[in-house]
Number of protein chains: 2
Amino acid sequence: MIQAHAVRLFTERGYDATTVTEIAEAAGVSPMTVYRHFPTKEDLVLVDQRARLVADLIAASPATQPLVRRIGRALIDAATRLTGSGHEGDLTANEQFLLARLRLMISTPALRAKHLDNHYALQQAIVDALGNDATDPDAAFHAQAAASACLAAMHTALVRWAEDDGRTELPELIAKALAAAFGEDVVESGSNEAR
Amino acid sequence: MIQAHAVRLFTERGYDATTVTEIAEAAGVSPMTVYRHFPTKEDLVLVDQRARLVADLIAASPATQPLVRRIGRALIDAATRLTGSGHEGDLTANEQFLLARLRLMISTPALRAKHLDNHYALQQAIVDALGNDATDPDAAFHAQAAASACLAAMHTALVRWAEDDGRTELPELIAKALAAAFGEDVVESGSNEAR
DNA sequence: TACCACTTTGGTAGTAACTATCACCAAGGT
DNA sequence: ACCTTGGTGATAGTTACTACCAAAGTGGTA
């Protein structure tokens, strides 16, 4: 509830122009309570637990495929689940909220910065989930480079999705971004998930 | 001079544990003066004008090559100039300072976040420098995805360089990161620069 | 030397995001 | 009745940063 009020106020008045105290008043709680649930003002927009989902998808993917492909498919599959694709026309309330948060993240420097830093943590989770030999520094470096590049490509897809107001399917955009960066063959078809 | 004192104090006591007032005292100026030259505390570490250099290198690169290769070579060439490669053994004072700043950027969440956001601005500069048709949204999307992925790969190289205390040549690490993400053929040899 | 823009620097006061510490209160188990 | 526990609230303090205005150095001209 606090987060919903926060995103609404940020969207209406702007992020910097909205104080935490105002959010607390709108939500009917004390500023202390807001800080207890969201350690920083940025967290009011950025709370996001995709990391676990993506990491799980990667750990479940076949280790025989190239890194970029494993990671790319996991990102696409995660997006499919998050947006609940397959609808036509109207967006779900979940997607509306995601879009509102994404727009704030893109337009507000402080949020954009912290969001990108969250990707950094997600990158670590992905590298761990790949399950490579951690003792080989070259393999670890390879995994880091591949993961960071995939996440960056996904981020451009997120930006495009927001600019599009969610009209294009997010998984499709991510696939296009990955193809643009790594070549068409990386994400041709099918899912890594077991059926 | 202010920046040098700031980086020294941050390294000695930690970023959060050092106040801007303390930096001002160490540098022998007033806090106001610090804020005038470095709008935010983060900028005391992050001032960096690579953007222009990289963009120029890209604009000068042959448009016939694939995007990832053009961007990758520009990043490698820029790193070569910045570190003044070719030395053996000791690091230059310039490199020492770069390393100190980089270590702070990597270990301090606030700095890491803002640094990644700076990459975001650099990405825009790169896309502009590529000189593609801005009216074609698909081409623009392609360029954004390629640029963000390349920058992300370069960032992992920077991290590795810092972990290595600068022992490996930075351009070489960037080339390896790009190869790991995009394939060995992307950065095989030679420079884009006109001789 | 004297004068005059112009730039750089400094002081004061204020805002807002946090933090530490303590107190309160309702629910549940013994 | 008593104690624990988890959520809540108030108070006071620190610190990054801003707006506004005053002072001091800098360089060119007469």
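Just so you know, these numbers use all the heavy atoms, side chains as well, and skip hydrogens, waters and symmetry mates.
Following rounding to the nearest Å, B:Lys41 (NZ) and D:dT18 (P) show an atom-to-atom distance of 14 Å. Rounded to whole Å, the distance from NZ on B:Lys114 to P on D:dA16 is 14 Å. The CG atom of A:Leu9 sits 16 Å away from the C1' atom of C:dA16 (whole-angstrom rounding). We find that CZ of A:Phe38 is positioned 19 Å from C1' of C:dT19, with the value rounded to whole Å.
Between B:Glu172 and B:Lys176 there is no salt bridge, since no side-chain N of the basic residue sits under 4.0 Å from a carboxylate O of the acidic one.
Screening residues 106-130 of chain A for salt bridge (Lys or Arg N to Asp or Glu O under 4.0 Å), with sequence neighbours left out, gives A:Glu42-A:Lys114, A:Arg112-B:Asp117, A:Asp117-B:Arg112.
Contacts with DNA chain C (heavy atom under 4.0 Å) in residues 21-37 of chain B: B:Val29, B:Ser30, B:Met32, B:Thr33, B:Arg36, B:His37, listed by number.
Side-chain atoms of A:Thr108 never come within 3.5 Å of backbone atoms of A:Met105 as a donor-acceptor pair (strictly under, hydrogens ignored).
When side chains are defined from C-beta on, A:Ser107 does not count as touching A:Tyr15, because their heavy atoms never get closer than 4.5 Å.
Distance check: B:Leu111 CG to B:Leu104 CG gives 6.5 Å after rounding to the nearest 0.5 Å.
One side chain, B:Ser61 or B:Arg70, offers a donor N or O that lies under 3.5 Å from an acceptor on the other.
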